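Inspection log for the structure reproduced underneath, given as structure tokens.
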Amino acid sequence: IPLDDEDFVESYAIEVDILDEKFTPYAKKYGYIDLIFPSALSYCALYDPEALDAKNDLYIHIGVHNAYAVIFKNGQYISTRTISTLDEIARKIGVDTVKIREILSTKGIKDELYKDDEFVQMSDIQEELSKLVERIAHSIEHKRGIFNLDTVHNIYLDFEGLDIPGFLEL
């Protein structure tokens with residue numbers, strides 16, 4: 001990642017056992033693996049390097065087993081931050097993954113969408129999502145100094161094709 005007068009390198013590490021567990025079946029089936037890269041970097045494909053309207057964007061991906069925020073400055077990747085997965089949020093709230101997906105996609109964090117007897121659950125969900133947003137905000141603040149990131153123009157939510165009512169208002 002180029003800076004004004006130097007380069008910044010972001011690296012990723014994975015335990016060999018995990019690498020073997022996840023990719024050995026593919027290597028055996030196809031004979032080789034050309035490239036392995038973090039899924040967060042797939043958002044780079046959304047930008048045309050010659051585009052004049054590249055902005056400072058934030059992509060928030062919340063999946064069952066992986067979740068992260070990806071930050072772009074003027075259309076160029078600058079950082080990834082891991083956040084709580086759907087599975088982790090479900091465990092903290094005390095429901096299963098299917099239930100938390102349903103709750104988040106239908107009610108989100110909007111008070112008026114919950115019944116009176118769901119107040120505790122709503123409060124727990126709001127607390128967990130607030131922690132998630134706070135973690136992302138800290139990461140943005142840190143990158144602000146390193147990359148001279150003045151603002152975030154657009155925030156996109158990638159939640160398995162669903163919306164979380166009220167989430168982008170946090």
Side-chain angles (χ1 to χ4, degrees), residues 1 10-27 29-30 33-47 54-73 75-111 113-114 118 120-143 149 152-170:
I1 303 168
E10 184 168 85
S11 60
Y12 298 86
I14 185 169
E15 294 179 28
V16 174
D17 293 343
I18 294 172
L19 189 66
D20 284 344
E21 175 189 328
K22 294 200 179 280
F23 296 106
T24 297
Y26 297 105
K29 182 175 181 178
Y30 299 107
I33 296 175
D34 284 340
L35 175 67
I36 299 171
F37 67 93
S39 59
L41 295 181
S42 63
Y43 290 98
C44 294
L46 299 173
Y47 293 96
K55 303 250 188 214
N56 300 343
D57 298 325
L58 171 66
Y59 292 87
I60 302 170
H61 170 77
I62 303 174
V64 175
H65 302 296
N66 60 30
Y68 43 80
V70 186
I71 306 167
F72 287 84
K73 179 182 178 185
Q76 181 175 1
Y77 168 84
I78 61 170
S79 182
T80 302
R81 175 69 169 175
T82 59
I83 55 177
S84 296
T85 66
L86 200 57
D87 197 38
E88 291 167 340
I89 294 169
R91 267 190 312 230
K92 289 176 185 175
I93 293 172
V95 298
D96 64 33
T97 304
V98 172
K99 183 69 174 172
I100 194 65
R101 181 185 295 116
E102 176 192 332
I103 293 168
L104 288 176
S105 65
T106 58
K107 299 177 183 181
I109 57 168
K110 293 209 170 256
D111 295 351
L113 298 177
Y114 288 85
E118 297 173 318
V120 172
Q121 187 176 59
M122 176 205 61
S123 179
D124 290 345
I125 289 170
Q126 287 178 340
E127 181 179 340
E128 288 306 314
L129 291 182
S130 291
K131 288 178 190 176
L132 185 145
V133 169
E134 185 176 319
R135 186 174 174 127
I136 294 169
H138 280 117
S139 186
I140 290 170
E141 192 59 37
H142 179 257
K143 301 309 175 193
L149 183 68
V152 173
H153 299 107
N154 303 298
I155 301 174
Y156 302 100
L157 177 63
D158 178 1
F159 179 56
E160 302 179 351
L162 304 171
D163 185 27
I164 300 176
F167 180 74
L168 293 179
E169 296 160 17
L170 282 176

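All values below were derived from every heavy atom in this structure, side-chain atoms included, with hydrogens, water molecules and symmetry-related copies excluded. Quick caveat: nothing in here was measured; it's all calculated off a predicted structure.
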Side-chain contact, heavy-atom cut-off 4.5 Å: [X] with [Y]?
{"X": "Leu104", "Y": "Ile62", "answer": "no"}
{"X": "Thr80", "Y": "Pro38", "answer": "no"}
{"X": "Leu46", "Y": "Tyr59", "answer": "yes"}

Check your understanding: Mind checking whether Phe23 and Tyr26 have parallel, tilted or perpendicular rings, split at 30° and 60°?
Key ->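 Geometry flag for Tyr26 against Phe23: tilted rings.
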Could you pull out all residues at least two apart from [X] that satisfy salt bridge (Lys or Arg N to Asp or Glu O under 4.0 Å)?
{"X": "Asp87", "answer": "Arg91"}
{"X": "Glu141", "answer": "Arg144"}
{"X": "Lys107", "answer": "Glu118"}

For residues 132-139, which side-chain donor-acceptor pairs fall under 3.5 Å, sequence neighbours excluded?
{"unit_1": "Arg135", "atom_1": "NE", "unit_2": "Thr82", "atom_2": "O", "d": "2.8"}
{"unit_1": "His138", "atom_1": "ND1", "unit_2": "Glu134", "atom_2": "O", "d": "3.0"}

Please tabulate, for the side chains in residues 160-170, all donor-acceptor contacts under 3.5 angstrom to protein atoms that are two or more places apart in sequence or on a different chain.
{"unit_1": "Glu160", "atom_1": "OE1", "unit_2": "Arg101", "atom_2": "NE", "d": "2.5"}
{"unit_1": "Glu160", "atom_1": "OE1", "unit_2": "Arg101", "atom_2": "NH2", "d": "3.2"}

Point-to-point distance, once rounded to the nearest 0.5 Å, from [atom1] of [X] to [atom2] of [Y]:
{"X": "Tyr77", "Y": "Ile71", "atom1": "OH", "atom2": "CD1", "result": "8.5 Å"}
{"X": "Asp57", "Y": "Tyr43", "atom1": "CG", "atom2": "OH", "result": "12.0 Å"}
{"X": "Lys73", "Y": "Leu149", "atom1": "NZ", "atom2": "CG", "result": "6.5 Å"}
{"X": "Thr97", "Y": "Leu86", "atom1": "OG1", "atom2": "CG", "result": "6.0 Å"}
{"X": "Ile140", "Y": "Asn56", "atom1": "CD1", "atom2": "CG", "result": "10.0 Å"}
{"X": "Tyr156", "Y": "Ile60", "atom1": "OH", "atom2": "CD1", "result": "12.0 Å"}

Practice item. Compute the ring centroids of Tyr47 and Phe72, then answer whether they are less than 6.0 Å apart. Key: yes
Just distance, no hydrogens or angles: give the donor-acceptor pairs under 3.5 Å from side chains in residues 120-129, sequence neighbours left out.
{"unit_1": "Gln126", "atom_1": "NE2", "unit_2": "Ile109", "atom_2": "O", "d": "3.0"}
{"unit_1": "Gln126", "atom_1": "NE2", "unit_2": "Asp111", "atom_2": "OD1", "d": "2.7"}
{"unit_1": "Glu128", "atom_1": "OE2", "unit_2": "Lys131", "atom_2": "NZ", "d": "3.4"}

